[in-house]
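Below is one structure; the comments refer to it alone.
Proteins get letters first, then strands, A, B, ... in listed order; numbering begins at 1 in each.
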Amino acid sequence: MSAIAHQDHNEKKAFLVNSSSLKEVRIFCRQVFEKLQIQEDLKDELVLAIAEAAQNIVKHAFKNAADPNELMVVQISCENNKLQIAFYDRGTPVDPKKIKHREIDNIKPGGLGTFFIQEIMDAVEFKDGKKPWINHLVLTKQL
Amino acid sequence: MTYKIEEIDNRRIVHLDGEIDMEVSDKARNTILPLIEAGHEVHLNLSKVEYMDSSGISVLIESKKLSEQKKTKFELVEVSKPVEKVLSMARKFL
């Protein structure tokens with residue numbers, strides 16, 4: 001837990017659903033975390049978790065084939081030192097019961113992104129997406 | 001991401017730099033795997049990689065597996081701090 005009292009903040013940005021947007025997502029997160037004065041090591045971890053979640057939207061919710069104008073929204077908020085990152089998309093509905101990283105003895109690529117997210121964040125929760133959104137993922141971390 | 005390949009006998013020293021994410025992981029994969037497929041020892045230098053996510057780790061896992069199948073060598077010779085951090089998290093999983 002951080003000794004710093006981080007200021008309350010709320011900021012969101014929409015991105016096209018494609019792999020080229022992942023760098024923009026990382027830049028946006030870094031800019032917000034700079035404002036929040038989050039320390040460098042934690043910032044790197046949070047950026048990774050957010051980028052992995054955004055990647056999952058591109059890769060799984062849209063199967064790498066989103067409409068060119070399709071958008072996803074990333075919202076970062078901080079209140080009372082609790083960081084919340086919300087993702088909104090209109091891809092295939094996610095069944096949270098089917099979201100899991102692969103078995104530990106199954107040495108092959110894939111599933112690592114979900115593992116990273118779970119390692120870095122305190123909580124990962126899928127909520128009901130309110131129109132026009134279908135999926136609403138919320139990651140939280142106590143700073 | 002850009003890359004450079006040095007050739008020393010049967011060794012291929014692959015230097016990657018920049019950011020390795022989902023967008024460029026195929027480029028990394030298509031750079032490394034054919035070298036292993038051809039039976040070369042591949043030494044991967046990641047000292048100038050500023051960011052790597054699970055897509056990049058997947059390329060490393062695939063490369064290692066292919067090198068075992070081909071009975072050749074695949075190893076990391078140098079890694080940057082960001083890569084080391086992601087690798088250390090991935091090691092908990094692998």
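Using a 4.5 Å cut-off between heavy atoms, B:K81 touches chain A through its side chain atoms alone. For B:V86, the parts lying under 4.5 angstrom from a heavy atom of chain A are both the backbone and the side chain. In this structure, chain B has heavy atoms under 4.5 Å from both the backbone and the side chain of A:D41.
Screening residues 53-69 of chain A for salt bridge (Lys or Arg N to Asp or Glu O under 4.0 Å), with sequence neighbours left out, gives no hits.
Residues forming a side-chain hydrogen bond (donor to acceptor under 3.5 Å, both in side chains) with A:E45 (at least two apart in sequence, or on another chain): none. Applying the side-chain hydrogen bond (donor to acceptor under 3.5 Å, both in side chains) criterion to A:N56, with sequence neighbours excluded, gives no partner residue.
Proximity to chain A at a heavy-atom threshold of 4.5 Å picks out nothing from residues 25-47 of chain B.
B:D21 and B:S55 share no side-chain donor-acceptor pair at under 3.5 Å.
Note on ring orientation: taking the six-membered ring where Trp is involved, the planes of A:W133 and A:Y88 are tilted (angle from 30° to 60°).
In the displayed structure, B:K85 atom NZ is contacted under 6.0 Å by more than 12 heavy atoms of other residues, nucleotides or ligands.
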Q: Show your working on side-chain contact (heavy atoms from CB on, under 4.5 Å) between B:V59 and B:I20 and close with a plain yes or no.
A: CA-CA 10 Å; B:V59 175; B:I20 303 177; 5.8 Å; no
